[in-house]
Amino acid sequence: MSRVVVTGGAGFLGSHLCRALLDRGDEVVALDNLITGSVANIEELFGRTGFTYVDHDVSRYVWVPGAVDAVLHFASPASPADFERIPIQILKVGGLGTHNCLGLAKAKGATFFLASTSEVYGSPEVHPQPESYWGHVNPIGPRGVYDEAKRYAEAMTMAYHRHHGIDVRIARIFNSYGAQMRADDGRAVSNFLVQAIGGRPITIYGDGEQTRSFCYVDDEVRGLLALLDSGVTTPVNIGNPNEHTVDELARIVLDVTGSSSPIVHEPLPIDDPPQRQPDISVARSELGWEPVVELRDGIERTAAYFSGLLR
Ligand code: UDP
């Protein structure tokens, strides 16, 4: 049994991670300032043995009393819609927040785990993306606030690893989806499902031929825990290698929900990557992990969540 700090513990991935850690018998201290997270995501965890929640902005000094075995830094707004709305907070939680959480891990002799992102590859010129690819990022565009914060966070993590000998993990997370995404998150999966269920037009940005590789949350969390439990201190892509166009995603959502919502096209956001697909050879060989949930199956499960939420 371990005592684990999860920042962003009330967020989409953070809350699933807290639940999975409790399920395997770990103690969890969840930190969140609820800027994009929600208490509703962790409501059922409050009664569970070993769960503590602290309302805290990790961009400010972080302290957790008692022993800590691992610090999992999942706090960060992560939707392109957030990049426009709260850019400074994103830079702060990726920069100052990562530094504070590394400081906590160092003080406790704990493992530090960074939730990094496929966005470190920017608009990739190498396809699919292996961890060895350095990326193609526009530092001053609207996505730069997230991409560069996470690139800085990776650099800071590796500096603590090399300079202070901290045990570290870096997960590069590719588009993940499932229950507890925000209904107004602005992502393709949540937007399309909310639009289809509500009978409103499905908003495809651009021509819909851009691709993403969507990973169902249960697969994602299983991969993250496999990485945590491994000794791999270099970045690992944790994502589903099955690549789909945004147009295909919209059609699956329409089919699964039985909705007759029309598809409308809206302008493509600036620097929206035309292609994204993880090379997961490292995860397969080092962690013995790969996703098993097909997109249609995961969308069915996520549709059930949003139907309940919007009822
Ligand atoms: N997208 C879309 N309609 C929406 C929301 C997103 O067509 O209502 C597109 C977006 O332009 C991108 C893809 O879907 O090409 C995935 O977007 P998302 O925000 O889910 O994640 P991203 O990979 O861009 O961070």
Side-chain angles (χ1 to χ4, degrees), residues 11-13 36 74 76-87 90 94 115-124 127-129 135-138 141-151 171-217 220 237-254 257 259 261-278 295 298-299 302-303 306 310:
F12 163 52
L13 279 178
T36 53
F74 277 70
S76 179
S79 170
D82 299 327
F83 306 168
E84 307 269 353
R85 195 171 60 87
I86 40 177
I90 291 171
S116 186
T117 167
S118 57
E119 282 284 326
V120 300
Y121 302 122
S123 186
H127 196 78
Q129 295 82 56
H136 179 231
V137 171
N138 174 3
R143 299 178 89 95
V145 296
Y146 185 65
D147 302 10
E148 296 295 4
K150 290 292 187 182
R151 288 168 69 93
R172 292 186 179 153
I173 299 169
F174 285 65
N175 297 71
S176 53
Y177 69 97
Q180 289 165 210
M181 290 181 94
R182 280 180 294 157
D184 62 353
D185 188 56
R187 301 297 190 89
V189 171
S190 47
N191 272 4
F192 292 176
L193 279 169
V194 170
Q195 290 161 347
I197 293 164
R200 294 201 310 281
I202 306 276
T203 55
I204 289 187
Y205 302 159
D207 62 9
E209 289 306 306
Q210 70 272 34
T211 67
R212 294 293 186 275
S213 305
F214 300 97
C215 190
Y216 186 62
V217 66
E220 186 66 43
N237 290 337
I238 304 289
N240 190 318
N242 292 336
E243 189 183 8
H244 294 270
T245 66
V246 168
D247 187 68
E248 280 165 8
L249 173 69
R251 287 180 199 286
I252 291 171
V253 166
L254 284 173
T257 56
S259 166
S261 288
I263 286 179
V264 296
H265 288 267
E266 293 188 359
L268 194 65
I270 297 168
D271 296 336
D272 195 286
Q275 273 189 314
R276 179 181 293 155
Q277 182 189 30
L295 182 58
I299 291 293
T302 312
F306 279 114
L310 303 170

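We count ligands from 1, going down the list as the structure has it; atoms in each ligand are counted the same way.
- The two atoms that bring V137 and E148 nearest to each other are CG1-OE2, 3.5 Å, heavy atoms only.
- Within the 4.0 Å heavy-atom criterion, the part of N175 lying near ligand 1 is the side chain and not the backbone.
- Here is the list of ligand 1 atoms found below 4.0 Å of a heavy atom in P269: 11 (O).
- One option in Y146, Y205, F83, Y177 has a heavy atom closer to atom 2 (C) of ligand 1 than any other, and that option is Y205.
- Within 6.0 Å of atom CG in L310, more than 12 heavy atoms from other residues, nucleotides or ligands are found, so the atom counts as buried in its surroundings.
- Classification of D82 and R187 as a salt-bridged pair fails, no side-chain N sitting under 4.0 Å from a carboxylate O.
- Less than 4.0 angstrom separates some heavy atom of N191 from each of these atoms of ligand 1: 4 (C), 5 (C), 8 (O).
- In terms of polar-atom proximity, defined here as any N/O pair under 3.5 Å, Q195 makes no such contact with ligand 1.
- Nearest non-hydrogen protein atom to atom 23 (O) of ligand 1 is R212 NE, 2.6 Å.
- Geometrically, ligand 1 and D272 share a nitrogen or oxygen pair separated by less than 3.5 Å.
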Practice prompt. Just do the side-chain contact (heavy atoms from CB on, under 4.5 Å) check on H127 and Q277 with the steps written out, would you?
Written response: CA-CA 7 Å; H127 196 78; Q277 182 189 30; 3.4 Å; yes

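- S213 places a side-chain heavy atom less than 4.5 Å from the side chain of P278.
- Ion pairing of D247 with R251 is present here, as a side-chain N (NZ or NE/NH1/NH2) and a carboxylate O approach within less than 4.0 Å.
- Within ligand 1, the atoms closer than 4.0 Å to a non-hydrogen atom of F192 are 2 (C), 3 (N), 4 (C), 7 (O), 8 (O), numbered from 1 in the order shown.
- Heavy atoms of A188 found under 4.0 angstrom from ligand 1 belong to the backbone as well as the side chain.
- Close approach of ligand 1 to T203 is summarised as follows: ligand atoms under 4.0 Å from at least one heavy atom of the residue are 2 (C), 3 (N), 4 (C), 7 (O), 8 (O).
- If you look at Q210 next to ligand 1, the close heavy atoms, those under 4.0 Å, all belong to the side chain.
- Shown in contact with I204 at under 4.0 Å from a heavy atom are these atoms of ligand 1, numbered in order with element: 7 (O).
- Nearest to atom 13 (C) of ligand 1 by heavy-atom distance, out of I202, L249, D207, V246, is V246.
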Discussion item. Checking Q195 against T203 for the side-chain hydrogen bond (donor to acceptor under 3.5 Å, both in side chains) test, could you report, in this order, the C-alpha distance in whole Å, the side-chain angles of both residues, the deciding distance, and whether it holds?
Written reply: CA-CA 8 Å; Q195 290 161 347; T203 55; 2.9 Å; yes

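- Comparing heavy-atom distances from atom 24 (O) of ligand 1 across Q275, R143, R276 singles out R143 as nearest.
- Under 4.0 Å is where a charged nitrogen must lie from a carboxylate oxygen, and between E243 and R212 no such pair does.
- Judged by distance alone, the side chains of Y121 and R276 never bring a donor and an acceptor atom under 3.5 Å apart.
- Of the possible donor and acceptor atoms, one in the side chain of R151 sits under 3.5 Å from a partner among the backbone N and O of V120.
- Put simply, part of G186 is less than 4.0 Å from ligand 1, judged by heavy atoms.
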